[in-house]
Amino acid sequence: MLDIRAIRNNPEILKEAIEKRNSKFDVEGFLKLDEKRRELLVVVEQMKGKQNADSKLIPQYKKEGKDVSALMNEMKELSDKIKEIDSQVKDIDNEIESELLTIPNIPNAAVPVGMSDADNLEIRKWGEPRKFDFEPKPHWDIGEDLDIIDPTTAAKVTGTRFTFYKGLGARLERALVNFMLDLHTTKHGYTEVFPPFMVHRNSMQGTGQLPKFEEDAFKVANTEYFLIPTAEVPVTNMYREQILDVKNLPIKHAAYSACFRAEAGAAGRDTRGLIRQHQFNKVELVKFTLPEDSYNELEKLTNDAEEVLQLLGLPYRVVRLCTGDLGFSSATTYDLEVWMPSYNRYVEISSCSNFESFQARRAGIRFRRGLNEKPEFVHTLNGSGVAIGRTTACILETYQQPDGTVVIPEILRKYMNDLDVIK
RNA sequence: GGAGAGAUGGUCGAGUUGGUUUAAGGCACCGGUCUUGAAAACCGGCGUAGGUGUGAGCCUACCGUGAGUUCGAAUCUCACUCUCUCCGCCA
């Protein structure tokens with residue numbers, strides 16, 4: 001959510017941001033509404049002032065034995081008028097609030113202007129995609145041949161875009177979770193949390209999934225709960241409606257969770273394999289920082305995620321998302337894209353974003369610089385560190401051998417009983 | 001799921017025959033006086049949000065959330081949420 005005063009004082013910035021994002025919003029109409037609200041407020045607050053003052057006279061007059069019926073009548077009339085204007089103000093407030101919730105964040109000035117992912121800017125590359133001297137298989141064939149990934153049974157039990165991991169496949173998935181959590185908690189200084197996998201509506205609104213993108217989420221029937229699309233939601237909302245102690249900043253959390261996404265609108269895309277599932281595993285990194293530190297912390301967070309891929313020996317590149325590809329809540333996003341042999345291109349495996357105060361304002365996450373200072377909004381950041389299912393897919397493809405077996409990356413072996421090959 | 005108790009500013013806590021409570025008071029915290037320094041004591045300050053004004057300031061709202069009664073609600077009514085205690089069920 002943006003600061004309404006900032007919009008009022010500088011509407012051009014918002015108009016420009018909306019256009020760059022290739023989005024739509026009636027800024028002028030919004031400002032008119034805001035103006036109308038303030039006009040009404042001036043009137044009604046003055047009336048309330050009179051009401052407060054006059055109502056003090058009533059007990060006084062009564063004590064003096066005066067007749068108060070005329071005054072009472074007068075005040076009844078005033079009260080009715082106040083109620084009427086109050087309800088108008090309330091309607092406008094609700095409208096302003098719901099419009100504010102649909103305005104996307106303002107991209108940082110360094111974000112390249114563009115229409116789609118084709119306009120994203122490559123920042124750096126790490127590693128060389130492997131050259132195969134045999135015909136490499138996609139991970140879904142490797143998984144089926146080794147009997148470690150089984151979407152067919154999942155389709156029978158649940159439906160499409162779900163999978164069973166079996167045997168060493170399940171073990172590999174679990175090894176990756178442990179490896180990533182260990183790396184981030186011991187070497188990078190994040191505190192581990194294990195969050196609820198369902199949250200209520202306000203939390204979804206706090207991080208920006210609602211109200212605009214409800215069709216992307218799974219809602220649990222007969223409850224007001226949503227399955228989390230990412231651990232970002234529960235972990236960021238841990239501190240909602242709270243004033244944080246500046247001494248504790250930055251707060252850094254690493255969280256494993258299953259993630260649930262309806263993937264509405266993705267029909268026909270990535271239908272095979274682990275790339276696009278309704279349920280997948282992810283280790284997420286979340287930070288709460290001082291406003292002046294957030295961009296520096298974004299670099300560090302991105303590096304923390306990159307190290308996962310480096311240690312696993314998976315070639316990747318870092319791109320800076322352009323305005324047209326940037327997520328609704330984000331001011332700046334780096335995507336990590338890992339080389340996926342079956343796709344013959346880089347595929348997103350992590351998304352590291354600085355939301356600045358956008359989520360903090362929605363969720364009411366603040367800090368105070370000093371005891372008598374005004375509370376300010378923190379900056380929130382998060383990034384995948386990294387998506388597990390896509391990592392599994394990439395390992396199977398990258399480390400496959402001509403005989404159909406898969407070499408386990410060195411760093412994972414201690415998480416897999418020192419096994420070196422899946423066969 | 002059943003029964004009961006509760007929810008007031010950073011924290012503790014008063015206020016519930018509706019009207020000088022204008023949310024008292026304590027603690028914590030901040031500034032000052034005193035002191036070699038500190039403590040104590042004393043004096044002053046100290047919630048959030050919105051509006052308005054060049055400005056000191058002024059006004060309005062907020063006592064878990066949302067409706068309602070009333071000229072007037074922290075206080076009365078209704079619904080809901082959450083917390084605690086006990087019982088039941090359960091991994």
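Letters A, B, ... mirror the listed sequences (proteins, then strands); counts begin at 1.
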Enquirer: For B:rC29, take OP1 and OP2 only and decide whether either is under 4.0 Å from a side-chain N or O of A:Arg368.
Expert: no

Enquirer: Looking at B:rA14, which nucleotide sits across from it as a Watson-Crick or G-U wobble partner, both distances under 3.5 angstrom, or is there none?
Expert: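 WC or wobble partner does not exist here.
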
Enquirer: Using the side-chain heavy atoms of A:Lys48, tell me which of these nucleotides is nearest: B:rC71, B:rG50, B:rA61.
Expert: B:rA61

Enquirer: Across all strands shown, which nucleotide pairs with B:rA3 by Watson-Crick or G-U wobble geometry, both distances under 3.5 Å?
Expert: B:rU85

Enquirer: Quick one: look up who B:rC76 pairs with, Watson-Crick or G-U, both distances under 3.5 Å, and put none if it's unpaired.
Expert: B:rG68

Enquirer: Between B:rC71, B:rU48, B:rG50, which nucleotide gets closest to the side-chain atoms of A:Glu45?
Expert: B:rG50

Enquirer: Which residue lies toward the 5' end of RNA chain B, A:Val42 or A:Gln46, if each is placed at its nearest nucleotide?
Expert: A:Val42

Enquirer: With hydrogens left out and only the distance checked, is there a donor-acceptor pair under 3.5 Å joining A:Gln51's side chain and the base of B:rG72?
Expert: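 No, the side chain and the base share no sub-3.5 Å donor-acceptor pair.
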
Enquirer: Mind calculating the distance between CD1 (A:Ile85) and P (B:rG51) to the nearest angstrom?
Expert: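 A:Ile85 atom CD1 is separated from B:rG51 atom P by 18 Å.
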
Enquirer: Could you tell me whether A:Arg8 contacts a base, only the sugar-phosphate backbone, or nothing, with contacts defined as non-hydrogen atoms closer than 4.0 Å?
Expert: sugar-phosphate

Enquirer: With a 3.5 Å limit on both atom pairs, tell me what B:rA61 is paired to, counting Watson-Crick and G-U wobble, or say none.
Expert: B:rU48

Enquirer: Hey, is the side chain of A:Ser79 poking within less than 4.0 Å of OP1 or OP2 on B:rU70, counting only N and O atoms?
Expert: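 No, A:Ser79 has no side-chain N/O under 4.0 Å of OP1/OP2 on B:rU70.
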
Enquirer: Assign the ring pair A:Tyr190 / A:His188 to parallel, tilted or perpendicular, where the plane angle (0 to 90°) is split at 30° and 60°.
Expert: perpendicular

Enquirer: Yes or no on salt bridge (Lys or Arg N to Asp or Glu O under 4.0 Å) for A:Glu263 and A:Arg276, after CA distance, side-chain angles and deciding distance?
Expert: CA-CA 8 Å; A:Glu263 297 295 345; A:Arg276 193 177 297 276; 3.1 Å; yes

Enquirer: Check the phosphate of B:rU60 against A:Asn52, side-chain N and O only, distance under 4.0 Å to OP1 or OP2. Yes or no?
Expert: yes

Enquirer: Mind calculating the distance between CE (A:Met75) and P (B:rG19) to the nearest angstrom?
Expert: 15 Å

Enquirer: Any salt bridge linking A:Glu224 with A:Lys219? Criterion: basic side-chain nitrogen under 4.0 Å from a carboxylate oxygen.
Expert: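 Yes.
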
Enquirer: For the ring pair A:Phe328 and A:Phe358, is the centre-to-centre distance below 6.0 Å?
Expert: yes

Enquirer: Under 3.5 Å, side chain of A:Arg161 to main-chain N/O of A:His278, donor-acceptor pair present?
Expert: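 Pair absent, no side-chain N/O of A:Arg161 close to backbone of A:His278.
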
Enquirer: Now, which nucleotide makes the Watson-Crick or G-U wobble pair with B:rA23, with each of the two distances under 3.5 Å?
Expert: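 Paired with no nucleotide.
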
Enquirer: It should be established whether A:Arg38 places a side-chain nitrogen or oxygen under 4.0 Å from OP1 or OP2 of nucleotide B:rU52.
Expert: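 Affirmative; the distance criterion is met.
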
Enquirer: Here's a test of your reading of the structure: between A:Gly49 and A:Arg37, which maps to the more 5' nucleotide of RNA chain B?
Expert: A:Arg37

Enquirer: Does A:Arg5 place a side-chain N or O at less than 4.0 Å from the phosphate oxygens OP1/OP2 of B:rG50?
Expert: yes

Enquirer: Looking across every strand, which nucleic acid part, if any, lies under 4.0 Å from A:Leu41 by heavy atom: base, sugar-phosphate, or nothing?
Expert: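 Touches sugar-phosphate only.
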
Enquirer: In whole angstrom, give the distance that lies between atom OH of A:Tyr61 and atom C1' of B:rG72.
Expert: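 It works out to 16 Å between those atoms.
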
Enquirer: What's A:Asp54 touching, base or sugar-phosphate or nothing? Going by heavy atoms closer than 4.0 Å.
Expert: nothing

Enquirer: Under a 4.0 Å N-O cut-off, is there an ion pair linking A:Glu35 with A:Lys32?
Expert: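 No, A:Glu35 and A:Lys32 are not salt-bridged.
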
Enquirer: Hey, is the side chain of A:Lys56 pairing donor to acceptor with the base of B:rG72 inside 3.5 Å?
Expert: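 Side chain to base: no pair below 3.5 Å.
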
Enquirer: How many Å lie between CG on A:Asp245 and C1' on B:rA28, as a whole number?
Expert: 14 Å

Enquirer: Is there a side-chain polar atom (N or O) of A:Arg201 under 4.0 Å from OP1 or OP2 of B:rU81?
Expert: no

